[in-house]
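Below is one structure, written out as structure tokens, with a few remarks after it.
Heavy-atom basis, side chains included; hydrogens, waters and symmetry copies ignored.
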Amino acid sequence: MDIQNESVDVLIIGAGPSGIVAAAHLYNQGHKVKIIEKSKFPRFVIGESLLPRCMDHFEEVGLLDCLKAKHFEVKSGARFLSNDVVCNFDFSQKHTKGWDWTWQVPRADFDNALATELINKGVDINFEQEVTNVVFNADGSSLTTIKTETEENHFINAKFIIDSSGYGRVLPRLLGLDKPSSIPTHSSIFTHVKDIKRPEGKEGTLITFDVIDKDTWFWVIPFSNGITSIGFVGENSLFEGYEGSTTQVMNNMLKLSNYYYDRFSDLNYEFKPVHIKNYSKAVTKLYGKGFALTGNSAEFLDPVFSSGVTFATESGLLAAKLISKELNGECVNWETDYANYISEGVTVFSSYVKEWYTGNLQTLFFHRPENLEVKKQICAVLAGYVWDKSNPFVKKHNRIIASMAHLINMQKETSTK
């Protein structure tokens, strides 16, 4: 049985942070919006470490207070460990002005809080419904086929579509927009634990990246509810060397972390560890006539610097602003105002991911004594302020990391002769 057509200004696919921020802005501007979400909330999703930059977005669309009310764990920086060397980044000590804190969040609770707030404001969100087909007209308007939870078909006419479906990547699949990522191929394995051996005080709250070797690292993200997210990232070949279930693989990989093994080795996992291979994704274009791709539907980078939610909200809010202009009869240059802008930020972060795995960025992190000015500039990037051209580590991102690492290594060679 088919349900009759429905018409909206903007159809948004996905009720994650990107779709919610986009919908909030459009709703605030008086546009008719509908969100289609395949999952039932609350639902688990990875990407639990935020960056200060995204706080600007939540504040701008009126979603900050509902998040503050949840008392999530405050993230005021990030810690990187390598053997006996500790590199602490404090977001209050960064080159670019802006938020100096954010949160570490169980995404099920975080995303549900955002969606609930939007529903309470009057935004229409349909859960457990799936986009199965989209047909675009010459003017950019579209007819989307939705399969409901009762297997019925629902048709939505929209003037514009925002694909914020994240790892589901609805439009990239339907329109053939996927392309290989330029980020090296890595795998991750992760789970949650009840952190019953969590240390008291600040040590127990710190988000930490324990660097096992140049290509392998272990994340620890404590939440305010006593749960901690743990996970490894490494080359595919590393994971292929482990046998057994994902639980057995995680048990054995924990031995790689001298710093954290005792804290997590004897704990039960809240869910069977999840293994994801070759997770970085890319697309051939970020927009088209009648649609825009936001968040992980556009680009999904390596999680080493926790950029996922920030790019999701940055792109979601920007796409919503441009669509609102078009709906109001204004002219928009999507290539300049959206694609080029988002690509600039993605390119900066991609440089950091790539230079992390070459070892050059790790050289800068763990070199002693620290260069505090350089650290402030890098800290601004790690806080998500990747569009600030006054920062040399943004403006010269494609060469400055490698150049400085080369100088450090040359000095080391000279001092040992």
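Here W219 pairs with S229 under the side chain to side chain donor-acceptor pair (under 3.5 Å) rule; sequence neighbours left out. E149 is linked by a side chain to side chain donor-acceptor pair (under 3.5 Å) to nothing, counting only residues two or more places apart in sequence or in another chain. A search for ring-ring contact (aromatic ring centres under 6.0 Å, His included) contacts involving F136 returns F291, not counting sequence neighbours. Partners of D195 according to the salt bridge (Lys or Arg N to Asp or Glu O under 4.0 Å) rule, which considers only residues two or more places apart in sequence or in another chain, are R198, R263. T216 pairs by the side chain to side chain donor-acceptor pair (under 3.5 Å) definition with D213, not counting sequence neighbours. Scored by the salt bridge (Lys or Arg N to Asp or Glu O under 4.0 Å) test, E128 finds no partners at all (sequence neighbours excluded). Legend: residues meeting side chain to side chain donor-acceptor pair (under 3.5 Å) with Q29, ordered by chain and number and at least two apart, are absent. Considering only residues two or more places apart in sequence or on other chains, E37 meets the salt bridge (Lys or Arg N to Asp or Glu O under 4.0 Å) condition with none of them. For E344, the salt bridge (Lys or Arg N to Asp or Glu O under 4.0 Å) partners at least two apart in sequence or on another chain are K389.
The side-chain heavy atoms of L26 and I323, taken from C-beta on, include a pair separated by under 4.5 Å. Counting heavy atoms from C-beta outward, N371 and K376 have side chains that stay 4.5 Å or more apart. Taking 4.5 Å as the limit, some side-chain heavy atom of T208 sits within range of a side-chain heavy atom of L81. Between L256 and F218 the shortest side-chain heavy-atom distance does not fall below 4.5 Å.
Aromatic pair F110/F58: centroids less than 6.0 angstrom apart. Between Y385 and H95, the ring center distance fails the sub-6.0 Å criterion. Centroid-to-centroid, the aromatic rings of F366 and F80 stay 6.0 Å apart or farther. In this structure, H192 has its ring center at least 6.0 angstrom away from the ring center of Y269.
Atom CG of D84 sits in a sparse spot, with 12 or fewer heavy atoms from other residues, nucleotides or ligands closer than 6.0 Å. Within 6.0 Å of NZ in K197 there are more than 12 heavy atoms belonging to other residues, nucleotides or ligands. Within a 6.0 Å sphere centred on CG of N333, heavy atoms belonging to other residues, nucleotides or ligands number more than 12. Residue N83 qualifies as open at atom CG: its count of foreign heavy atoms under 6.0 Å is 12 or below. No more than 12 heavy atoms of other residues, nucleotides or ligands lie within 6.0 Å of NZ in K159, so this atom counts as exposed by the packing criterion. A 6.0 Å sphere centred on NZ of K375 holds more than 12 heavy atoms belonging to other residues, nucleotides or ligands.
E326 has no carboxylate O lying under 4.0 Å from a charged side-chain N of K321, or vice versa, which leaves the two without a salt bridge. Ion pairing between E240 and K277 holds under the 4.0 Å rule for side-chain N and carboxylate O.
A side-chain hydrogen bond (donor to acceptor under 3.5 Å, both in side chains) with N360 holds for exactly one of H406, K214, E355; it is E355.
Shown here for Y352 and V381, the closest heavy-atom pair between the two residues is OH-CG2, 3.5 Å. Closest heavy-atom contact between I161 and S142: CD1-OG, 3.3 Å. Pairing each heavy atom of L51 with each of S306, the nearest pair is CG-O, 3.3 Å. Nearest heavy atom pair, residue C87 against residue F89, reads SG-CE1, 3.4 Å. The shortest non-hydrogen separation linking D337 to L318 is O-CD2, 3.3 Å. Across all non-hydrogen atoms, the minimal contact from K94 to A380 is CB-N, 3.8 Å.
Here K289 contributes atom NZ and F160 contributes atom CZ; the two are 8.5 Å apart, rounded to the nearest 0.5 Å. Atom-to-atom distance recorded for I401:CD1 and T363:OG1 is 11.0 Å, nearest 0.5 angstrom. The CD1 atom of I212 sits 13.0 Å away from the OH atom of Y259 when rounded to the nearest 0.5 Å. Remark: T191 OG1 to I230 CD1 distance equals 6.5 Å, nearest 0.5 Å. The line from CG of D388 to CZ of F393 is 13.5 Å long, rounded to the nearest 0.5 Å. Going from atom OG of S350 over to atom CH2 of W356 covers 16.0 Å, rounded to the nearest 0.5 Å.
The backbone N or O of I227 sits less than 3.5 Å from a side-chain atom of N225, completing a donor-acceptor pair. T313 places a side-chain N or O within 3.5 Å of a backbone atom of T310 that can act as its donor or acceptor partner. Of the possible donor and acceptor atoms, none in the side chain of S315 sits under 3.5 Å from a partner among the backbone N and O of T294. The backbone N or O of A312 lies less than 3.5 Å from a partner atom in the side chain of S18, making a donor-acceptor pair. A donor-acceptor contact shorter than 3.5 Å links the side chain of D163 to the backbone of L171.
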Could you go step by step and tell me if T145 and T132 meet the side-chain hydrogen bond (donor to acceptor under 3.5 Å, both in side chains) rule?
-> CA-CA 6 Å; T145 305; T132 57; 4.7 Å; no
Go through the steps for H25 and S324 under the test side-chain hydrogen bond (donor to acceptor under 3.5 Å, both in side chains), then give the verdict.
-> CA-CA 9 Å; H25 177 79; S324 183; 4.7 Å; no
Report the C-alpha separation of S187 and N236 in whole Å, then their side-chain angles, then the decisive distance to 0.1 Å, and conclude whether the side-chain hydrogen bond (donor to acceptor under 3.5 Å, both in side chains) test is met.
-> CA-CA 5 Å; S187 292; N236 293 338; 2.5 Å; yes
For residues 71-78, please give each side-chain donor-acceptor pair under 3.5 Å, one per line with the distance, not counting sequence neighbours.
residue	atom	partner	partner atom	Å
K75	NZ	S49	OG	2.6
K75	NZ	L50	O	2.8

Would you list the atom pairs, donor with acceptor, under 3.5 Å between side chains in residues 98-109 and any protein atom, with sequence neighbours excluded?
residue	atom	partner	partner atom	Å
W99	NE1	D56	OD1	3.3
Q104	NE2	T205	O	3.2
Q104	NE2	P222	O	2.8
R107	NE	D111	OD1	2.9
R107	NE	D111	OD2	3.4
R107	NH1	I46	O	3.4
R107	NH1	G47	O	3.0
R107	NH2	D111	OD2	3.0

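Ring geometry, F127 versus F41: the interplanar angle falls from 30° to 60°, so the pair is classed tilted. The aromatic rings of Y287 and W334 lie parallel to each other, their planes meeting at an angle below 30°, with 60° marking the opposite boundary.
The list of salt bridge (Lys or Arg N to Asp or Glu O under 4.0 Å) pairs with a residue in residues 307-318, not counting sequence neighbours, reads R53-E314.
Defined by atom type and a distance below 3.5 Å, a donor-acceptor pair is present between the side-chain atoms of S257 and D210. Donor-acceptor pairing under 3.5 Å is recorded for the side chains of N126 and D124.
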